[in-house]
Structures are given as structure tokens and as C-alpha cells.
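Each remark here refers to the structure printed beneath this line.
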Amino acid sequence: MSQVSRDVIVIETPNLTRKESAPPRLTLKNITKEYPGCLANDNISMSLENGEIHALLGENGAGKSTLVKAIYGVVAPNAGELIWEGSSVKISNPANARDLGIGMVFQHFSLFETLSVSQNIELCLSKEQLASIPDLSQRISQLSEQYGLNVDPDKYVHSLSIGERQRVEIMRCLVQSVKLLILDEPTSVLTPQEVAGLFVVLKQLSKEGCSILFISHKLHEVTEICQSATILRAGKVVDTCNPKEETPASLAKMMVGDLAEQDAGYTKKTGDKVCLEVINLSLSSAQPFGTQLKNIQFDLVAGEILGIAGVAGNGQEELMSAISGEDSRAAPDMIKLNQVPIGDLGAGKRRQLGMAYVPEERLGRGAVPDMSLSENTLLTHSKGFIHKGIVDWKGLKSYTSQLIDSFKVKCHGEFSEAQSLSGGNLQKFIMGREIGQSPKVLICAHPTWGVDVGAALAIHQALLKLRDEGAAILLVSEDIDELFLLADRMAAVCDGFLSPVIRCEDTNIDQIGQWMAGTFISETDTPSKEASA
Amino acid sequence: MIQVTARIEPSKLMTFASPLLAIFLTLIFGSILFSLLDKDPLQAMHLLLIAPLSDAYNFSEMLVKMGPLLLCAVGLSLCYRANLWNIGAEGQLLIGALGGSAMALQFVDSEAWFALPLTLIAGILSGMLWAAIPTFLKLKFNSNLILTTIMFNYIALYLLLWGVHGPLRDPDGFGFPESAIFSDATILPLLNEDGRAHIGIIFAILLAIFAAFVLAKSHLGFQIKVFGADEPAARYAGFNQTKLTWAVMLFAGALAGLAGVSEVAGPIGQLVPGISPGYGYSAIIVAYLGRLHPLGALLSATFMAVLYMGGDLAQIEMGIPIAVVGMFQGVLLFFLLACDFFIHYRLTFPSNSQYQN
């Protein structure tokens with residue numbers, strides 16, 4: 001039985017000057033959550049003041065998500081205490097949390113595409129809350145104006161851009177008069193301009209006394225808007241600090257311990273031999289909610305990295321499928337590898353012609369979770385290990401062991417199951433497997449997503465080494481900083497269109513950001529909806 | 001208090017212990033049931049499990065039942081490994097029998113050496129055809145393989161009944177729904193003069209070994225396993241799903257067809273309506289009990305054949321209804337699935353609650 005009582009919630013308009021006397025909005029005491037084989041949260045204690053924007057930092061797997069899920073009532077901690085505005089509470093489900101005034105915006109939105117904004121918001125309100133709001137649409141419009149959210153209550157969600165959808169999620173929390181807003185990597189799906197807009201909203205909320213718990217991997221954002229930060233490593237609180245007094249580099253150091261090497265300042269290269277041509281590639285979407293590719297045209301040059309920026313879901317996945325051959329519906333001439341038309345060939349055939357692919361999902365696509373690393377090597381690297389249809393397991397095992405050594409993959413051995421490796425180590429393995437085939441063209445999606453700093457450095461260096469050996473690399477990433485670090489030329493996708501390709505030194509984050517929002521489309525093609533308002 | 005927690009890694013021990021545990025639980029369940037029926041459980045168990053192996057005749061009868069079970073189960077193991085839910089072994093077996101019979105009846109008065117190979121090939125091809133139709137429907141129209149294969153089981157059964165009542169009926173058979181007795185030239189050689197066990201059982205065992213080899217050593221077998229374990233990875237790797245689906249389904253159809261034709265050209269010697277006591281369905285249990293491994297199927301098919309045999313003996317000697325065999329199979333599968341839960345989960349007994357309780 002939960003002990004949530006509405007009487008506890010008394011502070012209507014918290015006064016910042018009374019901060020000292022008022023109890024903190026939320027205090028965590030020794031929160032511990034254990035999953036089989038892993039202590040996700042180990043005795044975590046922290047406290048959130050009223051109106052504070054508090055960053056929760058840590059590498060993937062440090063325990064951030066588990067902690068916020070415990071606060072929002074999605075997971076039940078094994079031990080520890082939550083103190084909400086001075087009194088101990090037990091939050092056993094998200095409805096409890098919402099009743100207290102805790103709102104959360106997940107990384108993956110939970111909106112119904114076929115319903116309007118106000119219907120979506122109505123769905124998550126309790127009866128009492130609904131009764132207290134005479135006209136929901138009007139309330140939404142009013143809040144929208146108050147916070148500059150630009151949310152139209154009558155629009156259908158499927159017609160909204162990602163940034164707008166996120167604002168609907170925030171609106172959903174605002175309608176419930178939220179006192180603590182939890183945001184899980186809110187900026188990873190936004191263009192730089194949209195991020196700036198979000199920060200304005202967050203700052204205003206904080207000024208009005210709403211506490212914000214902010215999870216992000218982008219450290220410069222944390223230094224920009226957060227007033228305090230708690231740093232987690234392997235489930236433990238390792239440090240707290242005031243981000244305003246820190247630099248992104250010093251924060252990174254707290255997150256991972258010591259940075260061995262600097263991951264910056266790579267030289268840009270120019271190649272001259274076109275390796276892969278994509279010519280007027282248009283392809284309807286294979287899935288109901290996929291993106292249609294429209295007139296995509298670019299060249300991949302040997303010895304160069306072409307970076308493709310873009311907010312997730314703007315056609316990256318479809319483009320990579322069409323190039324890798326998982327989706328072989330394109331006309332043969334739309335894609336040419338060294339002059340050979342390959343648009344209609346399957347993925348296996350394209351591999352034989354010298355294409356390699358590092359997909360976004362490592363476990364479950366790039367590697368079979370419950371197969372050994374040797375078997376996972378065979379998944380894409382069968383050349384030389386098959387004689388008359390029979391697998392040369394001995395050769396494969398010794399090759400895999402070499403691979404593990406040379407790419408410094410931390411594991412027990414070639415017999416380890418793929419799922420027993422951490423994300424970064426598995427990525428190094430997959431990277432090594434694909435690079436080990438000496439590909440002419442490597443397609444690489446989000447290579448360092450969720451990977452720790454050390455592994456990311458190794459992956460970056462491996463990519464650059466492959467480039468210097470003369471391979472053409474297509475690098476698709478949502479991390480603009482990474483693209484600028486590695487790519488020799490850049491382009492952006494928006495709504496299935498590809499922007500012009502530009503040399504990295506001739507552009508800047510602002511321009512690419514605008515391209516990500518689709519500003520190039522009106523110049524080159526039919527006008528499309530604005531991605532952000 | 002007992003808690004269920006997920007294991008960090010699937011338990012290897014439990015993977016192999018689970019079938020044994022399930023058999024053990026089934027026996028306990030059976031004993032209780034026999035006691036309630038006022039039958040001596042020890043005698044019933046003896047008849048069900050030990051008597052079938054006790055003399056040469058019974059052993060050979062057991063092998064007669066093991067053959068079709070093993071053939072079907074080996075094919076199904078490969079299908080299930082590749083995530084193809086083929087429930088159609090029964091229909092493929094019946095059609096194999098029908099097609100084989102149609103061929104065998106061309107040789108009723110013949111002594112030709114090629115009569116037997118042609119009969120077997122006709123049976124195998126018929127089984128493959130019967131597997132090919134649902135496969136085509138799945139690949140072309142993305143139809144549900146489970147549903148189509150089940151429906152094809154019924155179509156096969158009624159086709160068989162039509163054949164045996166119509167075109168394949170023995171003209172001199174006084175109107176009985178049976179075909180003419182096959183010529184010796186189309187009958188599989190016996191292994192041993194004492195019983196009915198025939199050379200088809202050797203085929204079954206060799207094919208099980210072959211399938212095990214393909215699965216463990218060949219690139220094709222690897223691709224089958226990847227498809228079953230992780231379809232997106234198989235597509236990412238560029239494995240040809242269409243080819244693999246055809247290969248696996250046709251192999252399973254061929255094996256089930258061979259099982260069917262081996263029945264009519266073996267122990268039965270003519271086409272009759274009741275060819276199979278549900279071998280194709282029992283083979284699903286055999287495949288799972290054998291951990292979807294062809295060599296595991298060898299053991300589990302033997303066990304299941306013993307159960308079939310024992311059911312007959314128990315009916316004759318103790319008046320236990322033959323339906324007991326079907327019930328035993330069902331309970332066995334039930335316990336097996338329950339025990340398989342512990343491959344991925346385990347029970348823990350949190351220490352702090354020991355004192356509270």
C-alpha cells in the first residue's frame with residue numbers, strides 16, 4: 001500500500017530565497033537496485049533542491065536510467081529511501097509518481113501517433129485532474145504560450161516533428177503541474193537549434209521552482225544549463241560538482257576516471273577515386289512508419305570519410321539498408337560500386353564485392369547474442385573459412401583470437417558469448433570483424449553510441465586507419481561533434497532528402513544544424529514541412 | 001519465501017537435465033493416475049517402459065515405431081532451429097504414404113529391381129511437395145506457416161481417405177477401404193526375420209547423423225542456426241532466407257514423406273486409412289525432448305516409441321485405455337516446457353526471509 005498523500009504537497013509557488021529553510025524537493029538515501037549479475041545502483045544518495053537543474057552524469061551502464069526509473073516508480077529498488085519534500089514516500093508505480101508531481105520524458109516517446117495532442121495528454125490525466133481542468137485545449141494553448149512551447153492541441157501527433165513531439169511530452173508534464181521533471185537524454189534527438197529552444201523552456205521552469213533532473217551525454221550542455229551534477233560510475237556516486245565551474249573535459253574525466261589519450265585533432269584527407277556512387281536513389285519506405293528516400297545522390301571517395309548528420313528517423317536507417325543490400329529493392333543503376341551496378345543485389349553479394357557494414361544495433365543484429373565470438377566472426381567473415389560448404393572451425397577460432405587481441409576486446413576468449421561483452425567491447429569486436437575483411441567500402445552507423453570514452457577512441461582510430469589504407473567510409477551519426485572530428489566531407493539528411501555534400505573545413509555546426517532541420521530542401525527540391533518552429 | 005530470478009547465463013546443465021526431469025515428473029504423474037484408476041502403478045510402468053524392450057519381438061516393434069518418429073523429428077528439429085514452425089509432418093507423412101502407394105501399386109505384379117527405389121522416391125517427392133506448398137505461401141504471401149501446415153495435415157488426411165476409398169482401392173478387395181497388397185518387390189527388406197523392423201530404420205538413423213553433421217559443421221547449418229537465433233543478424237549478414245527456408249522445409253518434407261512411404265512399404269504392406277497414430281504430431285514432442293538436436297531426437301524417439309509400444313501392451317494386459325499414451329505425451333510436453341523455464345531462471349531463497357517465516 002503506498003503512503004502517498006496529497007496533503008504532503010503544499011508548496012504552490014516555492015520561493016527561491018526560502019531555499020535554506022524548505023526541505024529539498026527530493027532526497028535519495030542509499031538507493032540500491034540489484035539485477036541478476038549486476039549491481040545497477042549501489043547505495044546512491046543525492047538530493048535535489050527546489051528549482052534546481054541537476055545533471056546525472058555517467059557512462060552507459062553507470063546506473064543513471066535505473067536510478068531515474070526508481071524515482072519514477074518504474075523499477076522498485078531493493079533498498080533505500082525516497083524522501084519527497086521532507087517526508088518518506090514509497091513510489092510503487094508511475095501513477096504514484098505523477099500524483100506527487102514527478103513527470104518524466106523518456107528517450108523514446110510514448111505518444112499515440114493517430115491521436116491529437118490534446119487526446120494524448122488527456123490519456124495520462126487522472127479523473128480528478130481532468131475534472132479540475134475545465135477546458136484542456138485552452139489550458140494547453142495557455143501553457144504553450146507561457147513557455148513558448150508552440151504546441152497546437154488539435155494537431156495529430158503523426159504530423160509533428162521529433163522536436164515537437166518532445167515538447168508534447170513536456171507539455172504533458174506541465175499540465176499535471178509537475179514539480180520534478182526528469183529528462184532522459186532529451187537532446188539526443190534534436191537539432192542544435194531545437195536544443196537551444198528546449199533550454200529556454202527548462203530555464204523558465206527552473207525559475208518557477210520546478211526541479212529538473214537532466215541526463216545527458218553531451219557535457220557542454222551540462223556545463224551550460226545545470227547548477228549541480230552527480231556523477232555515477234559503475235552504480236556508485238563518485239563525485240558531485242557544480243558544472244558551471246567545470247569544463248566538458250574535466251567532467252569527462254570524472255565520468256571515466258583518467259583519459260589516457262586525447263581524441264582530437266585528426267588531419268583531414270582528400271581522395272580522388274570515386275568508389276561508391278549513389279545516383280538519384282528514391283525508394284518508398286518498406287515499413288509503415290519509415291521514411292521515403294528522395295533523390296539521394298552522392299559519391300563515396302576512396303580514402304575519405306563522408307559523414308552524414310541528421311536527427312534519428314529522417315531516413316538514415318533506410319539509406320543504409322539500401323546501400324548495404326538488406327533492402328535490395330532499388331534499381332541496379334541507382335547504386336554503383338566501382339562502376340558495377342549493385343542496387344538490386346542482396347547483402348551477401350555486396351559483401352563479396354567488398355562492402356562491409358557496422359550496424360547501429362550491435363546485439364541482435366551486428367552479433368548474435370547467444371553465439372560465441374568465433375561464430376559471430378563467421379556471421380559476416382566466411383571468406384577462407386568455408387571449404388566445400390564445411391566450416392573450418394579451427395582456423396576460425398585462431399583467427400578470432402587474433403582479432404580479439406589486435407582490437408583489445410575484453411572477454412574471456414573466442415568462446416565467449418557475444419552477449420557477455422560490454423557494449424564498447426562488442427563494438428570493437430564488430431568493428432574489427434568488418435575491418436578485418438579489408439573492405440573497399442565501410443558503412444558505419446553510430447559507431448560510438450553508448451560506448452565508453454576509451455573504446456570510442458580506439459574505434460575512431462581504427463576508422464581513420466582504415467581510411468588511410470584507402471577505404472571509403474560512410475559514417476552515419478547523430479553526434480555532430482564526432483562527425484566533425486572524423487569526417488572529411490559532410491552532409492545531412494532530413495525527411496528522406498540528402499543535403500549537398502560539403503568539405504568539413506568549409507562548414508560549421510550552425511550550417512549543418514540548419515541542414516538537419518531541412519533548410520536545404522526548399523533550395524533543391526519540393527518544399528517540405530518545417531522540422532521545427 | 002521463494003523467489004524466481006533470471007539466470008545471468010542459460011544453464012547448460014538444465015538444458016540437458018530438463019528432459020530427464022520432465023520424464024521423471026511424468027512418471028510420477030502417471031503413477032498417481034494409475035493408482036486412482038485402481039491399476040497397479042508398478043505393473044503399468046513396467047508394461048509401459050520396460051516390457052517394450054524386454055524381448056526381441058517387442059524390441060523390433062519398438063524400432064518400427066521409432067523409425068517414423070525419428071525421421072519426422074529430425075526434419076522438424078532443423079525447421080524449429082531455423083524458426084520455421086512446421087507443424088505439418090503428419091500431413092507430409094500421410095501424403096508420402098499416399099504417393100508411395102500410388103507408385104507401388106503400379107508394380108503389384110512386378111519383380112522389377114527398381115520398383116522399391118521408385119516407390120521410395122515417389123513417397124519422398126510427395127512429402128516434399130506437401131511441404132513446398134505452405135513454404136511457397138509463406139515466402140510469397142507471408143502466410144502463417146503454423147496455420148497452413150496444420151490445414152494441410154487435414155487436407156492430406158482426406159486425400160488419403162479419398163485415395164483409399166477411390167482410385168487406389170483394391171478392385172478385388174470386397175469393397176474394403178484398402179489398397180491391394182504390395183508386391184514383395186516394393187517392400188523394404190527386414191532387418192531380422194523375427195520381427196517387422198525394416199531397413200527404413202537404418203535410413204532414419206543415418207539421416208539423423210547426417211543432419212547433426214550439417215548442423216554442426218557446415219556453413220548451411222550455421223546459417224540455419226543464425227536464422228533461428230537472431231533473424232535481423234541473418235539478414236544483416238546477407239544470408240539468403242528464401243533459399244534456406246526452401247532447403248529446410250523440403251528436407252523436412254522429404255524425411256516425413258520417407259517416413260510415410262516406409263510405413264506402407266514396410267510393416268503395413270498396403271495402403272490403409274489408419275497409417276499413422278499421429279507420428280507427425282508426436283514428432284514435435286520428440287524434437288523438443290531431443291533439444292532440437294538430431295542426435296537428441298534419436299534418444300527421445302526411442303523413448304517415445306517405447307511409450308507407444310507400452311501403451312499397446314498396457315491396453316492388452318491391463319485394460320488401460322490406449323488414450324493413456326496420448327495423455328502421457330501431452331503431460332510430458334507440459335512438464336518439459338515447465339522444466340525448460342529453469343534453463344533461463346532459477347529459484348532463490350533470500351536469506352533474510354528465512355527468519356521471518
Side-chain angles (χ1 to χ4, degrees), chain A residues 34-38 78-79 320-321 324-328 345-353 355-371 374-383 385-393 396 416-420 430 433-434 443 445, chain B residues 1 3-12 14-15 81-83 139 142 210-245 247 251 291-292 340 342-348 350-353:
Chain A
E34 189 178 2
Y35 287 115
C38 137
N78 300 108
M320 285 184 285
S321 295
S324 72
E326 276 180 71
D327 179 353
S328 55
L345 297 185
K349 291 248 173 64
R350 294 191 203 191
R351 279 184 184 284
Q352 286 168 10
L353 290 171
M355 191 175 280
Y357 181 18
V358 178
E360 180 177 5
E361 307 95 339
R362 284 149 213 159
L363 211 52
R365 181 143 164 242
V368 183
D370 50 8
M371 284 192 171
S374 286
E375 287 173 295
N376 270 303
T377 305
L378 183 62
L379 186 65
T380 64
H381 192 160
S382 56
K383 214 180 194 171
F385 296 120
I386 309 286
H387 305 294
K388 296 184 179 150
I390 303 301
V391 178
D392 171 15
W393 285 110
L396 193 64
S416 296
E417 288 186 356
Q419 63 192 352
S420 69
I430 293 175
R433 178 186 71 192
E434 298 300 303
I443 308 162
Chain B
M1 209 182 80
Q3 269 185 357
V4 175
T5 24
R7 291 181 194 269
I8 303 155
E9 283 182 346
S11 159
K12 289 255 174 4
M14 213 43 215
T15 309
R81 277 294 184 96
N83 249 352
L139 291 174
N142 198 22
F210 170 72
F213 175 80
V214 166
L215 213 49
K217 301 284 178 193
S218 77
H219 197 216
L220 179 77
F222 175 72
Q223 297 185 7
I224 290 173
K225 284 188 279 186
V226 173
F227 252 107
D230 188 348
E231 204 176 310
R235 270 188 272 119
Y236 155 72
F239 297 158
N240 190 329
Q241 182 163 23
T242 311
K243 252 191 215 163
L244 274 174
T245 306
F251 183 70
R291 308 284 77 181
L292 301 186
D340 278 357
F342 293 103
I343 295 174
H344 295 283
Y345 295 89
R346 65 198 170 97
L347 296 180
T348 50
S351 52
N352 56 349
S353 52

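Within every chain, numbering begins at 1; the chains are lettered A, B, ... in the order of the sequence lines, protein sequences first and strands thereafter.
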Report the option among Pro232(B), Ala229(B), Ala216(B) that has the most heavy-atom pairs separated by less than 4.5 Å from atoms of chain A. Pro232(B)
Grab the two heavy atoms, one from Phe239(B) and one from Leu379(A), that are nearest each other, plus how far apart they are. CZ-O, 3.5 Å
Side chain / backbone / both / neither for Ile390(A) at chain B, heavy atoms under 4.5 Å: both
Heavy-atom nearest pair, Val368(A) first then Ala233(B), reads CG2-CB, 3.8 Å
Phe222(B) and Met371(A) have their tightest heavy-atom pair at CE1-SD, 4.0 Å
Go through the atoms of Glu375(A) and report whether side chain, backbone, both or neither lie under 4.5 Å from a heavy atom of chain B. both
To the nearest 0.5 Å, how far apart are CD in Glu34(A) and OG1 in Thr5(B)? 9.5 Å
Could you tell me which non-hydrogen atom of Arg433(A) sits nearest to which non-hydrogen atom of Tyr236(B), and how far apart they are? NH2-OH, 3.1 Å
If we define contacts as heavy-atom pairs under 4.5 Å, which of Ser324(A), Ala367(A), Gly366(A), Ser420(A) has the most with chain B? Gly366(A)
Nearest heavy-atom neighbours spanning Gly238(B) and Ala347(A): CA-CB, 3.6 Å
Note, Leu378(A) side chain near His219(B) side chain (heavy atom, < 4.5 Å): yes
Can you name the nearest heavy-atom pair linking Pro369(A) to Asp230(B), along with the distance? CD-OD2, 3.3 Å
Between Tyr357(A) and Arg235(B), is there a cation-pi geometry (under 6.0 Å to ring centre, at most 45° from the normal)? no
Less than 4.5 Å to any heavy atom of chain B: does that hold for the side chain of Glu434(A), its backbone, both, or neither? side chain
